[in-house]
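Have a look at the structure below, then the notes.
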Amino acid sequence: MSFPKAEKLREKSDIDRLFRTGARFSCKGMALRIAKNTLGKNRAVFVPVRSFRGSVERNRAKRVAREVWRLNKASFAQGYDLAFVLYPDAVDFEIIRSNMLFLLRKAGLFR
RNA sequence: UGAGCGGGCUUAAGCCAUCGCGGUGCACUUAUGUGCACCGAGGAAAGUCCGGGCUCGUGAAUGAGCGCAAUACCGGCUAACGACCGGGGCGGAAUCUGACCAGCUUUAUGCUAAGGCGGGUUCCGUACAGAUAGUGCAACAGAAAGCAUACCGCCUUGAAAAAGGUAAGGGUGAAAAGGCGGGGUAAGAGCCCACCGCCUGUUCAGCAAUGAGCAGGGCACGGCAAACCUUAUUGCGAGCAAGGCCAAACAGCAGUGGGACGCUCAUCCCCGCUGUUUUGACGCUCCUUCUGGGAGUAUUCAGAACAGCAGACUGCGGGUAGGCCGCUUGACUGGUGAGUGGCAACACUUUCCCGAGAUGGAUGAUGGCAGCAUGGGCAACCAUGGACAGAACCCGGCUUACGAGCCCGCUUUUUUU
RNA sequence: GUGGGUGUAGCUCAGGUGGUAGAGUGCCAGACUGUGGAUCUGGUUGUCGUGGGUUCAAACCCCAUCACCCACC
């Protein structure tokens, strides 16, 4: 299950719009912003906050979150922009996995 | 032998498989994908403390002056540096040494290196220009603290009070007008002498810093420039979000249109659509005192005001969003392996190789094997863990963080002699 | 990437011309009160972020370093 560039949310204007108007779900260690788009498929972005201890931990949180998304993205409804905001409490693979699935269930994206 | 601290060098947990991501090349498709091959974080990528390359700016980045900042023993190295290398001075430690003072004793051409003075060797450290260019600063204590002074003392005179001489000894202080020993003296003093220090001159060695020697001077010229300052040298400012190229949209400027009469040209005039309100004209109806006047009014035409809608196409310069380049082969000095010169930093010659280039920002996940550390266990084995840390235009240094291995130095535990 | 600031008592801050560190608040004790508060009196509190250096002497001067904060593009 690949994760090419077309399924990434890359434009600064798109991201700004998502954070301004998107619906908001959160739990300990992670937050989710979500909004419908017109492309018929999902686009995602992973945003670690600034207060990580260093760039190693910050990048690692982002990579792990992206891996979790890549492995699970086939089981969700299509046509949304998503932004996952990551906080320094949770870096482990399993914690990020359970957080992400919990938030997506709250958002009602499971098919 | 175990542990700790400091310094230097090497390395940055290995192999295999699957899935995933970024780049380059080739092929096919085509405007974006697919397939194959190869490559894909560091010694500090970090801090941003210095130095450059590169790019733009200003008239220029060449020169002179002022201000500001940095640097400051000498020589070398370098593109450059405050870095690095070598040398010198100074300071400290260890050790050896002259028995000069001091100490001890068996009292002699004796012993002692713990103390003072002098000499040598090794190691470590060192922001180390100028205090005789000037201005300034030094609390308290002390008699006196900057071209100074005499408190207790010592000596002379004197019955005493006191006067004179003196700077050994005491006391104050961080610092008190060379140190130490001998001679000398009323007591003392570079007053005289040896050694050391200082100043002046000179000779030799060295590229130089500086060192060694000789002669002279008996000798104040104190400390602080990480106080102001003086002298010398260096430095223009901004930074890859530099800078260059392409370029939607909105706004701006210019042009293109229609109408009279078949065509062409010139000049002049007019100019979109819808709705509401209002004014005027023509028409119609009604009243009337009837060549006239008045009232009402659908529609049409014209004008004015307000509101709404529509505002196209082409070109232009500037340029936003966005994209591309800059971008990775590089200071002939990148990596690797040899060789030559140099004490070294480093320089030169040569073989082979090209080893990240992202842009919401690529290195991740899973499994297996081997191995390391810690804990448990007699053992097989089991469990846990993976140092510091992530390229962002590129280099040379410095500093800081840190796992493992090796080497050196120091401290210490245990054992043995 | 560039530039700037702060670190002093439990807390908020002074002190910066080198000469031996203070204010408010807090805390402790006493007085007052039936008790508490308020008030009054007295006391207490520091390796001046860390490590070096200069100096006779450093919170102050110099260098390095650590942590935190801010601004601009």
Side-chain angles (χ1 to χ4, degrees):
Chain A
M1 190 60 65
S2 69
F3 184 56
K5 272 184 178 178
E7 296 181 19
K8 267 184 218 170
L9 193 56
R10 304 176 74 199
E11 296 288 322
K12 181 166 175 53
S13 52
D14 290 343
I15 296 170
D16 284 347
R17 187 170 58 248
L18 176 56
F19 272 88
R20 204 167 50 244
T21 65
R24 188 182 311 185
F25 301 93
S26 66
C27 68
K28 184 173 167 55
M30 190 183 287
L32 169 66
R33 292 303 206 99
I34 182 165
K36 262 192 181 308
N37 65 19
T38 57
L39 275 64
K41 60 183 176 183
N42 285 341
R43 294 188 301 175
V45 68
F46 305 90
V47 186
V49 299
R50 196 175 178 170
S51 58
F52 275 85
R53 205 180 56 192
S55 54
V56 172
E57 282 199 20
R58 191 165 57 237
N59 282 335
R60 175 149 185 86
K62 184 166 63 177
R63 285 168 185 157
V64 170
R66 189 168 53 222
E67 180 71 10
V68 172
W69 173 256
R70 184 179 74 83
L71 294 174
N72 294 283
K73 65 174 182 155
S75 51
F76 304 129
Q78 298 295 305
Y80 293 92
D81 286 342
L82 305 102
F84 294 94
V85 182
L86 310 167
Y87 293 92
D89 306 330
V91 186
D92 283 357
F93 186 85
E94 279 305 315
I95 294 173
I96 287 182
R97 196 174 90 91
S98 60
N99 280 347
M100 185 182 289
L101 296 181
F102 173 73
L103 289 177
L104 290 168
R105 191 172 293 114
K106 261 175 110 176
L109 241 65
F110 272 97
R111 272 203 289 238

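Residue numbering restarts at 1 for every chain, and letters A, B, ... go by the order of the sequence lines.
- Take R97(A) and apply the salt bridge (Lys or Arg N to Asp or Glu O under 4.0 Å) test, not counting sequence neighbours, and it matches E94(A).
- Counting only heavy atoms from C-beta outward, the side chains of F46(A) and I96(A) never approach each other to under 4.5 Å.
- In this structure A31(A) satisfies the side-chain contact (heavy atoms from CB on, under 4.5 Å) test together with S26(A), V85(A), Y87(A), sequence neighbours excluded.
- With a glycosidic angle no more than 90° from 0, G355(B) adopts the syn conformation.
- Rounded to whole Å, the separation between the P atoms of A227(B) and A138(B) comes to 15 Å.
- Across A298(B) and G275(B), the matching P atoms stand 16 Å from one another, rounded to whole Å.
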Per-nucleotide pairing state of RNA chain C [Watson-Crick or G-U, under 3.5 Å; [ ] pseudoknot-crossing; | other strand] | (((((((..((((.....[..)))).(((((.......))))).....(((((..]....)))))))))))).
Report all interatomic pairs (protein N or O, nucleotide N or O of nucleotides 386-390 of chain B) with separations under 3.5 Å.
unit_1, atom_1, unit_2, atom_2, d
G390(B), OP2, S55(A), OG, 3.2
G390(B), O5', S55(A), OG, 3.3

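- Judged by Watson-Crick or G-U wobble contacts below 3.5 Å, the nucleotide G315(B) has C253(B) as its partner.
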Protein-nucleic acid N or O pairs under 3.5 Å, nucleotides 20-26 of chain B:
unit_1, atom_1, unit_2, atom_2, d
G20(B), O4', R70(A), NH1, 2.9
C21(B), OP1, F3(A), N, 3.4

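- Qualifying salt bridge (Lys or Arg N to Asp or Glu O under 4.0 Å) partners for R66(A), counting only residues two or more places apart in sequence or in other chains: none.
- Remark: the separation of the P atoms in U231(B) and C66(B) is 10 Å, to the nearest Å.
- Only the C1' atoms considered, C63(C) is 16 Å distant from U55(C), to the nearest whole Å.
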